[in-house]
Amino acid sequence: MSAAAPPMWVVVPAHEEAARLADTLRALAAQRDRDFTLLVVDNASTDGTGAVARAFAAGAPFPVEVIEEPEKGVGSAVDTGFRYAIGRGAALLARTDADCLPRPGWTGAARSALIRSPGLVCGRIVARRDEHGPLGRAGFGALVALAALFGRLRPEHARRRGYRAPYRMHAGNNMAITAELYLTVGGMPRRPSPTDRLFLNAVRRHTDRITHCREMVVENSTRRLRAYGLAGTARWYLDQGSGTHGTDDPR
């Protein structure tokens, strides 16, 4: 790592992701900017998720650490991971999930965006091409657009509520933030998913440095469509909870 580059860590929370994590790790190994440390947070898995990460670490093109967070919930896993990274010198933090595929320019785009405008950076999410056909991918895109519109129109997200920045949909599986801002806003809510809106609104109350970076692209899993169905997935993305589904499957 060059002396001038702020230390960057990539955090991947993972719960029962032994079957999918390897693809995510390979996508990170294919990044053009590999000047970062990877931290996998094994969140109370029983399927060997941590073992997959440790096996990858043996030949990874960057430093890899694996820690455990026994308190179930994506918020707890992310918060523990971010604070662990900050405690070891991270100045810049990026996050994706263990069923996602960051495209090769993802880490470089995240770093550049944070250096240009230190704060919170939100990337662009698209559907994974290996899980659904064109119809499923189109459905996923429509749900994301609907959730983004719902968030902008929601009265409690209006600037008059004391927010310093307008609402923009923030996907937790494609985000980057400075360590300083993360600590200032109190970190990720330590609760099950969804946590993204709560965290974004905490940031909005502190700063207007929230940017969207189209070059920061993550291919998102569409398995929630299979697990919840179209209506259930829409309910989840509109922050109405998971209905009769549990909060852990899928994340």
Side-chain angles (χ1 to χ4, degrees), residues 9-31 34 36-85 88 93-104 106-107 123 125-133 136-137 140 171-175 188 190-196 217-229 232-233 236 242 244-251:
W9 284 53
V10 171
V11 176
V12 178
H15 170 73
E16 308 286 26
E17 293 287 11
R20 300 177 183 89
L21 179 59
D23 288 341
T24 301
L25 298 177
R26 281 192 289 268
L28 290 169
Q31 294 296 302
R34 295 187 295 194
F36 62 88
T37 298
L38 172 63
L39 175 65
V40 177
V41 184
D42 183 0
N43 187 204
S45 300
T46 61
D47 67 345
T49 291
V52 172
R54 292 183 181 93
F56 170 80
F62 37 68
V64 179
E65 296 194 33
V66 183
I67 62 173
E68 296 183 3
E69 171 49 68
E71 181 182 354
K72 289 176 67 174
V74 66
S76 298
V78 172
D79 187 55
T80 292
F82 275 21
R83 292 181 186 278
Y84 179 95
R88 281 150 184 77
L93 301 156
R95 172 199 160 188
T96 192
D97 286 348
D99 61 354
C100 294
L101 304 177
R103 289 187 179 170
W106 181 70
T107 52
I125 58 172
V126 298
R128 281 179 63 150
R129 291 166 285 187
D130 59 348
E131 290 188 348
H132 268 286
R137 294 196 295 273
F140 174 81
N173 60 28
N174 189 2
M175 63 162 286
M188 189 69 67
R190 296 184 67 88
R191 50 162 285 179
S193 184
T195 58
D196 299 348
V217 184
V218 163
E219 294 186 16
N220 191 88
S221 176
T222 54
R223 62 191 169 119
R224 194 179 301 278
L225 281 170
R226 284 193 290 270
Y228 289 6
T233 303
W236 189 89
S242 56
T244 59
H245 301 281
T247 56
D248 288 325
D249 187 22
R251 286 282 182 86

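These numbers come from the heavy atoms of this one structure, side chains and all, not from hydrogens, waters or symmetry mates. All figures in this text were calculated on a predicted structure; none of them were measured in a lab.
To the nearest 0.5 angstrom, Glu131 atom CD is 8.0 Å from Leu101 atom CG. Note that OG1 of Thr222 is 8.0 Å distant from CZ of Arg128, once rounded to the nearest 0.5 Å. Expressed to the nearest 0.5 Å, how far CG of Leu21 lies from CG of Asp99 amounts to 10.0 Å. Here the CZ atom belonging to Phe36 is positioned 5.0 Å from the OG1 atom belonging to Thr107, to the nearest 0.5 angstrom. To the nearest 0.5 Å, atoms CZ (Arg20) and CG (Asp97) are separated by 12.0 Å. Distance check, rounded to the nearest 0.5 Å: CG of Asp23 to SG of Cys100 gives 11.5 Å.
Counting only heavy atoms from C-beta outward, the side chains of Val11 and Leu38 never approach each other to under 4.5 Å. Residues Arg26 and Phe56 are not in side-chain contact: their nearest non-hydrogen atoms beyond the backbone lie 4.5 Å or more apart. The side-chain heavy atoms of Asn43 and Val74, taken from C-beta on, include no pair separated by under 4.5 Å. Between Val217 and Trp106, every side-chain heavy-atom pair lies at or beyond the 4.5 Å cut-off. Two residues are said to be in side-chain contact when any heavy atoms from C-beta on lie closer than 4.5 Å; Val10 and Phe62 fail this criterion. Using a 4.5 Å heavy-atom cutoff, the side chains of Met188 and Phe82 are not in contact.
Residue Val218 comes nearest to Pro102 through the heavy atom pair CG2-CA, 4.0 Å, listed as atom of the first residue, atom of the second, then distance. Closest non-hydrogen pair, Gly81 versus Val41, comes out as CA-CG2, 3.7 Å. Val64 and Ala57 get closest at one heavy-atom pair: CB-CB, 3.6 Å. Of all the heavy atoms in Lys72 and Ala44, the pair that sits closest is CG-CB, 3.5 Å. Nearest approach of Leu93 to Ala85, heavy atoms of both residues: CD2-CB, 3.7 Å.
Using a 3.5 Å distance cut-off with no hydrogens or angles, the side chains of Glu17 and Ser45 do not pair a donor with an acceptor.
A donor-acceptor distance shorter than 3.5 angstrom exists from the side chain of Arg95 to the backbone of Gly172, with no hydrogens or angles considered. Side-chain atoms of Arg34 come within 3.5 Å of backbone N or O of Ala29 as a donor-acceptor pair.
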#### Entry: Asn220/Val126 under side chain to side chain contact (heavy atoms under 4.5 Å, CB included): CA gap, chis, key distance, verdict
CA-CA 6 Å; Asn220 191 88; Val126 298; over 6 Å; no
### Query
How far apart are the C-alpha atoms of Glu16 and Thr49, what are their side-chain angles, what is the distance that settles it, and do they pass the side-chain hydrogen bond (donor to acceptor under 3.5 Å, both in side chains) test?
CA-CA 6 Å; Glu16 308 286 26; Thr49 291; 5.0 Å; no
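Cation-pi geometry between Arg88 and Tyr84 is met: under 6.0 angstrom from the ring centre, within 45 degrees of the axis.
Here Ala19 pairs with nothing under the side chain to side chain contact (heavy atoms under 4.5 Å, CB included) rule; sequence neighbours left out.
Sorted by first then second residue, the salt bridge (charged side-chain N to carboxylate O under 4.0 Å, His left out) pairs that include residues 36-45, not counting sequence neighbours, number zero. Residue pairs that meet the salt bridge (charged side-chain N to carboxylate O under 4.0 Å, His left out) test with at least one member in residues 53-71, sequence neighbours left out, are Arg54-Glu68, Glu69-Arg190, Glu71-Arg190.
Put simply, the residue from Val40, Thr96, Val78, Leu39 that forms a side chain to side chain contact (heavy atoms under 4.5 Å, CB included) with Pro13 is Val78.
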